[in-house]
Structures are given as C-alpha cells and as structure tokens.
**Student:** 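Have a look at this one.
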Amino acid sequence: MEKKTGIVVPLAALYTKDCEAVGDFPALKDFADFCKLCGFKVIQLLPVNDTGTQSSPYSGLSAFALHPLYIRLEALPEFQDALKSCKPFSSAYKTFKKEIKYSNRFDYDKVLNGKLKLLHLLYDHIEKQILKESKSIARENKNDSVVIGESQGSEVYKTFQHELIQFCQKNPWIENYAVYKNLKDSYMQASWKEWDENTRNLKKEQIKLRWNNRALKASHDFFVWVQMRAAEQFKDAADYVKKQGIILKGDIPILMNEDSADTWARRDYFCHEERAGSPPDGENPMGQSWGFPTYNWDALALNNYDWWKDRINLAANYYSAFRIDHILGFFRIWAVNERESTAYLGHTIPYASIGKSELEEAGFNEDRIKWLSQPHIQTSLVEDITWNHMDSTFILEKICDRVKDEELWTFKKEFKSDKDIYDAVFCDNEDWNNRIHQALAAKWRDRALIEITKDHFIPVYCYGNSTSWNSLNDGEKSKLGAIFARLKEKENQLWKEQALNVLTPITSASEMVPCAEDLGVNLQVMPEVLQKLNILSLKVIRWNRYWDRGGQPYQPFSEYPEMSVATTSVHDSPTLRQWWNNEKDSVRAYLSQWTSEKSSSPSLIENPFTFTEGDAFNPEIARFCLESAAHCNSAWYINPLQDYLYLDAAYYLEKEDDERINVPGSVNQFNWTYRIPASVEDLIKNEELISKIKSVCKIHDEVKIGGEQ
C-alpha cells in the first residue's frame, strides 16, 4: 500500500479571509493549496453532518444532511442579488459581519443562529422574486388568477424548481429530514419525543403526505434548498482537493442522536429502550452511557443494510477514504437500559447467555441462583441512616420484599432500574432521602448475574466486585468461572459473525478506503476481521504500547502493521504539546524507546535535536516528535493540524489547553469550537513551516516496509 502522510482538522477550525466566523466548505480549497505545498497526500475531516443545536460533530441530527454552519453565504448564487435588493437581508448580513469576527474559539450558537437567520431571509427573497416574476408574466398573459408557481412562462421559477426536484430525486432521505426539521422548528427545537402524539408517531405514509402538503411546501423547500447549496459547495471543494492529488478522508459516526431525523422516521432501525456506551474501567468505574440508542441490526439486515449503504454512497460523493467511528460497536455494542443512571449493569449486544439448567448442573440451586442474580439488602443498610429499625423496615417495605423472616430484602419485581429507586420518596427528610437513594442504588448494582429472561443469565461485567461472588467458596467460583470462560468463547464467535455481516456490505458499498477507529480495543477476533475486509487500524503513538509487558514498552515503529493509520494525537486526546509538558512518564518512556530503536537501526536518521528531557515544549521538540514517529511502518501517518503548527512558536496559544478540540466527558461551550491561530493565507506564506512539514512527509513517505528507508 502506498505510503501517505496527512493532516486532520475539524472543518470549523479553518480560517481564511473569506470565512472569519467559522470554517466553511470553500475554505477547504485554500487549505488544499497549503497541504499541497507541504507534501500532504491526505486531508482528514471530522464529521460535517447537521447536528442542530449540538456542537459535537458526533451527535448527528441526521445521518445524511450536511451542516448549514459550513455554508459560505457569499458563495451562494442568490447572495449578490439579495445583498443589493433585499434590505432585511443586507441589513442582517452587515450586522452579522460586524458582530462575528475571528477568535481562537467561536461561539457555536451565535454563529449558527446568525447563519440560519440569514439563510431564511435569503430564501424569503428568492420566494418573493419568484412571486414577482410569476405575477408579471400573469399580467402579460392577462391572467391575474394564475396560481403561484404554476406559470409556465416563469423561467427563473422553472429552473429553480427543477434544481430542487432533481436534488430530491437523487437524495430521497431529504423528505424525512425536511419534514422533521419543519416540525422541530414548530416545536421550538424540542426533541421529537416531546412532540404531541400525532406528530411524534407519524407513519411512513403520513410523513409522505406531510411532505406533499402544498401548504407546507415552502417550509420543506427551504431545507431542500439549504442542503442542495451545501452539497454543491462541498462537492466543489472536494473535487478541488482531489485535483490537487490529495485524498479527502471523511468520518462516519456510528451512532445517532436519540433526537434525530433518522431515529424519528426510521425508529424500527433503533432500540430506543437502550443506550450505547462503554463498560466500567479504571477511569470510569460506573461505565459510560453516551445517550445514543443502539441499532436494531435484525431490522437493518431485513433491508440488506440499505440505510448504512446509503450513508456510505452519499459520503463517497465527497471522500476517497473514511474513518469508521467506534468500529468495536459493529462487533458488539455496550448497551444499557435507558432508565439506568450508570452503565454498570450494561451488557454487550450480541451476547451469549447461561441457561438456568447449566447453573443447576454446576450445583447452583434456585436459592443460590437468586442470591447471584438479585441484590440482597440488609435492614441495617437503611437503619445506619435513619437510626430507627421500625422506620427502616417501613422504608424497605415500599420497594422491597422480605426474604422469609430474615432482616434481608430483595427489590420488588416492578423495579426495573436504579431510576425507579431515585423516583421513590421515602421520607420528608431530604438528606435521608438522598442518602437512602444512594445506598439502595449502589446495592442495586451489587449482583454477579443479570437475569435476561426467567431461565437465562449473563455475568455482570464487574461480577468480581459483588457481594454474592465474594461469598462463594473456591469450588463454586471455579465452576462459575469456567462457565463464564466458555461463554466468552461463544461471544467471540458471535461478535465475529456480527462484524462480518454488518461491515462487509458497508465497506463494499463504495471504492472508499475504510479506516477503523479501534482505540482501546482488545478483542480477539478484530484483527482477523479488519484484515479480511482490508480495513486500516488506528495507532496513536503515545498509547501504542505493550501494556501487558513489564515496563509497558512502546511498540517499535518497525512493528507497526502496514495496514494502519498512525497519529500523534486525536481530537479527544491532549495535544502533542500537552502530552510532552504534562505526561512526563510517558514522554520518558518514548525517549528511551526511540534511543533504543536508533541504536538497533543504523538506517534511522541521526538525531539533530538539541533538548533535554525536562525542557518545556518548543518547535525543536515538536520536530523531534513528528519526525521520529514518521519512521512508523504504517501506510498512512495522519496528525492533527495543531501538532504540525507546533513547528513554529508563533502559533502557540498562551494557554496550551485552548489548543484542544474536545475534552471527553464534558459538555460546554469550549468543546468543538477550536480555530487555527492564523489564516490559511498566512500559513501558505510561511515557507519555513512548510519546509519543516515537508521533511516530516519525506521521512514517512520514504520509509519502506520494515522500517528501512
């Protein structure tokens, strides 16, 4: 596979003299000019789908629609006429340009609302012009009763309508999207789950009727027009990038926001009672629930995964490669009940279960199985809060059943999640209520098995932390552990089959090069599937270590798999500068590894860098990090724009934290609003920076398989 070096950037981050407010589609053309000078062969973009009021590009309002945020108003064919002849538009545009200037972080809400207002005003002007021309032609024909939009002589109208009709024919997804967006506007952007029952539960045929409603046509056509113009601008920019000999790589988020056009119109494709996330780990002992519904893969399979293939085919209009976000989710997704406040009691989908008969054969009778699968609460748990046995018994009787005549209780059958516990009111004392809620919610998680059906169970991910597991004798633990091990083997086969069933049609739907986001994955069957489907894996240099070996050494660059994309940082990680300044142990291990590799590989370039381990990050250190990692065996080496800009100290922000794109686990106005610290035009003039980047590209592009130059 041909070696390629590239750069990754969120489109919004780009800054040119023509897009002060936020990076837009046409800015890609200027950026491609810079990238060509640097020797880059790949430009990778973060997702550009419409996310509505959410700034995260991974929180899609639509799987297909482009974000209006990235439209350049001045490049619209209707812009100049409206600026000259439409006072409301020209006045609002001047205000927008005056109020919103370049800054290191942009105001997502302000910029988006400003652009949407201008787009609405511009479309109103288009409609008025069509109306004006139609009436003029009607007078000429002495037919004042002509229906607006049906005048056969209106060439402007016919051309405009023809464009819209053609776009709709090529993009059938636009119907659901336009109807959804129109309804969302009418409900003041509230989630579709908060709409009244009639609109919340529209069937396919009813959505079609609403789409064809003449009274709503103008509202729907506005969204069609916006998407049509966005697609035109993006296609023009993407074609320009390709002409420069550069691959444009896209990013396809795996999950959809629960409030999206797709989860509303195609709800049969989603499991709305479940939320995707990740299991408990060291940093997240309760796991993570991301708030996105999981997929109903069976329903998708019935239609040959056409929804997914349509996504890929649409992306192929612009991209020549694509990143498959969270590819682990195509093997197995971590799913949790939507009413659980944590992801602790989640489980994988698909999963293999343990039959009740298998547990009985291992020596676990009905009571022991109940002990393993149902939390058992001692009266003293609540009594330690209330200091009153009678009050504690009264409280527990509200939500629990007593076990025989013991001071032991189990939750009533109607309690299905910890939110049911939090919803209960136990007493008038607010402090007691809160403490009891917390104590009982913790106990709710205290089990070794999850009862899936009456006769089938699966192990809790952290079953070793449960009271019931730790009460077992060694023989019982050994028997149950053996059952769990057999279960894992079955699941590996299930996950392999699932991945092949889903990823095969997705990756074969286009000629795009598929690249996986497989960070933190230790799945036995994944390497085999990725190799079979020719999917490139992802290697983040600072995390690509042998974590199970003593000293956790870095993997030598010569051992990186050819079918992989290597990178210094990702949008969710600290930047290269933050890593060097704040993760000293990791940096020390990296320097040691590089010294070792140099001594064993004479072909590696001599180290011309002058710095010591304790030095604060500077351009020389940036050059060392980028050039040393460029020796990786990975076919593609693609780094964030920030990490390349560190080659010139003039682009360092005063606070290094301000150079991050996103801090996972936080929702605020900071995330996803990063902008580059200089215009692309200025970068193009920076010959020294370009020369340094070219050196990085040259090193990687000339490293042959096995690490030899």
Side-chain angles (χ1 to χ4, degrees), residues 25 47-71 73 76 78 108-109 111-124 126-127 160-161 163-165 167-196 198-234 253 256-267 269-270 292-293 307 310-311 314:
F25 292 124
V48 293
N49 293 82
D50 185 2
T51 58
T53 58
Q54 301 292 318
S55 62
S56 169
Y58 295 95
S59 186
L61 200 71
S62 168
F64 303 95
L66 296 171
H67 208 313
L69 184 74
Y70 304 129
I71 291 175
L73 297 166
L76 294 171
E78 301 90 354
Y108 178 86
D109 291 336
V111 175
L112 176 60
N113 291 334
K115 277 201 173 183
L116 289 176
K117 177 182 177 180
L118 288 166
L119 287 168
H120 275 288
L121 288 171
L122 188 51
Y123 190 75
D124 288 345
I126 295 170
E127 285 192 306
F160 184 74
Q161 276 299 99
E163 287 182 317
L164 295 182
I165 291 169
F167 185 81
C168 292
Q169 290 174 343
K170 293 178 181 178
N171 299 275
W173 55 266
I174 195 69
E175 295 184 14
N176 290 341
Y177 172 77
V179 172
Y180 165 82
K181 288 283 283 187
N182 172 254
L183 285 168
K184 197 164 177 64
D185 279 352
S186 68
Y187 283 99
M188 304 297 289
Q189 303 307 313
S191 165
W192 63 264
K193 294 189 175 184
E194 298 175 22
W195 300 352
D196 67 60
N198 290 335
T199 49
R200 184 172 67 245
N201 298 315
L202 288 179
K203 305 298 183 185
K204 182 178 179 180
E205 300 77 14
Q206 294 172 308
I207 294 175
K208 188 73 174 180
L209 285 173
R210 192 173 180 89
W211 164 256
N212 290 322
N213 187 320
R214 289 179 63 85
L216 298 172
K217 182 172 176 55
S219 296
H220 294 155
D221 279 354
F222 166 75
F223 297 109
V224 176
W225 170 74
V226 167
Q227 287 303 310
M228 180 177 71
R229 295 300 186 226
E232 289 170 352
Q233 289 191 4
F234 193 20
M256 296 302 305
N257 195 310
E258 67 170 333
D259 178 26
S260 65
D262 303 272
T263 56
W264 171 69
R266 296 311 310 259
R267 65 189 67 182
Y269 286 168
F270 300 88
F292 300 128
W307 182 83
D310 288 344
R311 289 185 74 181
L314 184 63

**Student:** Please tabulate, one pair per line, all N/O donor-acceptor pairs under 3.5 Å involving side-chain atoms of residues 112-124, not counting sequence neighbours.
**Tutor:**
| unit_1 | atom_1 | unit_2 | atom_2 | d |
| --- | --- | --- | --- | --- |
| Asn113 | ND2 | Asp109 | O | 3.1 |
| Lys115 | NZ | Leu69 | O | 2.8 |
| Lys115 | NZ | Ile71 | O | 2.6 |

**Student:** Determine whether a donor-acceptor pair (N or O, by modelled atom type, separation under 3.5 Å) exists between the side chain of Thr263 and the backbone of Glu258.
**Tutor:**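 Between the backbone of Glu258 and the side chain of Thr263 there is a qualifying donor-acceptor contact (under 3.5 Å).
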**Student:** Starting at CZ of Phe270, measure out to CH2 of Trp307 and round the result to the nearest 0.5 Å.
**Tutor:**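 So the gap between those two atoms works out to 4.5 Å.
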**Student:** Taking all non-hydrogen atoms of both residues, which atom of Ala231 and which atom of Phe167 are closest, and how far apart?
**Tutor:**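 Taking Ala231 first and Phe167 second, the nearest heavy atoms are CB-CE1, 4.0 Å.
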**Student:** Give, for atom OG of Ser62 and atom CZ of Arg311, the distance between the pair rounded to the nearest 0.5 Å.
**Tutor:**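 If we round to the nearest 0.5 Å, Ser62:OG and Arg311:CZ are 8.5 Å apart.
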**Student:** Within this structure, what is the NE2-CZ distance for the pair His67 and Phe25, rounded to the nearest 0.5 Å?
**Tutor:**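 Answer rounded to 0.5 Å: 9.5 Å.
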**Student:** For the OH atom of Tyr187 and the CG atom of Asn182, what is their distance to the nearest 0.5 Å?
**Tutor:**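 Rounded to the nearest 0.5 Å, the OH-CG separation comes out at 10.5 Å.
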**Student:** Rounded to the nearest 0.5 Å, what's the gap from CZ on Arg266 to OG on Ser260? Could you check?
**Tutor:**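 It comes to 12.5 Å.
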**Student:** Tell me if a side-chain donor or acceptor on Tyr108 pairs with a main-chain N or O of Gln54 at a distance below 3.5 Å.
**Tutor:**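 Side chain of Tyr108 to backbone of Gln54, a donor-acceptor pair under 3.5 Å: yes, one is there.
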**Student:** Under the salt bridge (charged side-chain N to carboxylate O under 4.0 Å, His left out) definition, can you give me all pairs with a residue in residues 49-64, not counting sequence neighbours?
**Tutor:**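 Passing the test, one end in residues 49-64: Asp50-Lys181.
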**Student:** Find out whether Lys203 and Ile207 are in side-chain contact, i.e. whether some heavy atom of one side chain is under 4.5 Å from a heavy atom of the other.
**Tutor:**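 No, too far: nothing below the 4.5 Å cut-off.
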**Student:** Could you tabulate the donor-acceptor pairs under 3.5 Å formed by side-chain atoms of residues 221-228, not counting sequence neighbours?
**Tutor:**
| unit_1 | atom_1 | unit_2 | atom_2 | d |
| --- | --- | --- | --- | --- |
| Asp221 | OD2 | Lys217 | NZ | 3.2 |
| Trp225 | NE1 | Glu78 | OE2 | 3.1 |
| Gln227 | OE1 | Leu66 | N | 2.7 |
| Gln227 | NE2 | Leu66 | O | 2.9 |
| Gln227 | NE2 | Tyr177 | OH | 3.4 |

**Student:** Is it the case that over 12 heavy atoms from other parts of the model lie below 6.0 angstrom from the NZ atom of Lys193?
**Tutor:**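 Check passes, neighbour count above 12.
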**Student:** Does the Asn212 side chain pair with the main chain of Lys208, one donor and one acceptor, at a distance under 3.5 Å?
**Tutor:**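 Present.
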**Student:** If I take atom CG from residue Asn171 and atom CZ from residue Phe64, how far apart are they, to the nearest 0.5 angstrom?
**Tutor:**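 Here the interatomic distance stands at 9.5 Å.
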**Student:** Closer than 3.5 angstrom, by distance alone: can the side chain of Asn257 be matched with the main-chain N or O of Leu61 as a donor-acceptor pair?
**Tutor:**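 Not at all, since once roles are kept as given, no pair shorter than 3.5 Å links the two residues.
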**Student:** Using modelled atom types and a 3.5 Å cut-off, is there a donor and acceptor pairing between side-chain atoms of Asn176 and backbone atoms of Ala265?
**Tutor:**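 Between the backbone of Ala265 and the side chain of Asn176 there is no qualifying donor-acceptor contact (under 3.5 Å).
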**Student:** Between Leu314 and Trp173, which heavy-atom pair has the shortest distance, and what is it?
**Tutor:**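 Heavy atoms of Leu314 and Trp173 come nearest at CD2-NE1, 3.9 Å.
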**Student:** Should Glu163 and Arg229 count as an ion pair when the cut-off is N to O under 4.0 Å?
**Tutor:**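 Yes, Glu163 and Arg229 are salt-bridged.
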**Student:** Is the closest side-chain heavy-atom distance between Ile174 and His220 below 4.5 Å?
**Tutor:**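 Result no, sub-4.5 Å side-chain heavy-atom pair not found.
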**Student:** Do any N or O atoms from the side chain of Arg267 and from the backbone of Trp264 form a donor-acceptor pair under 3.5 angstrom?
**Tutor:**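 Side chain of Arg267 to backbone of Trp264, a donor-acceptor pair under 3.5 Å: yes, one is there.
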**Student:** Has the side chain of Asp259 got a donor or acceptor atom that lies under 3.5 Å from a matching backbone atom of Trp192?
**Tutor:**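 The answer is yes, because a donor-acceptor pair under 3.5 Å joins these two groups.
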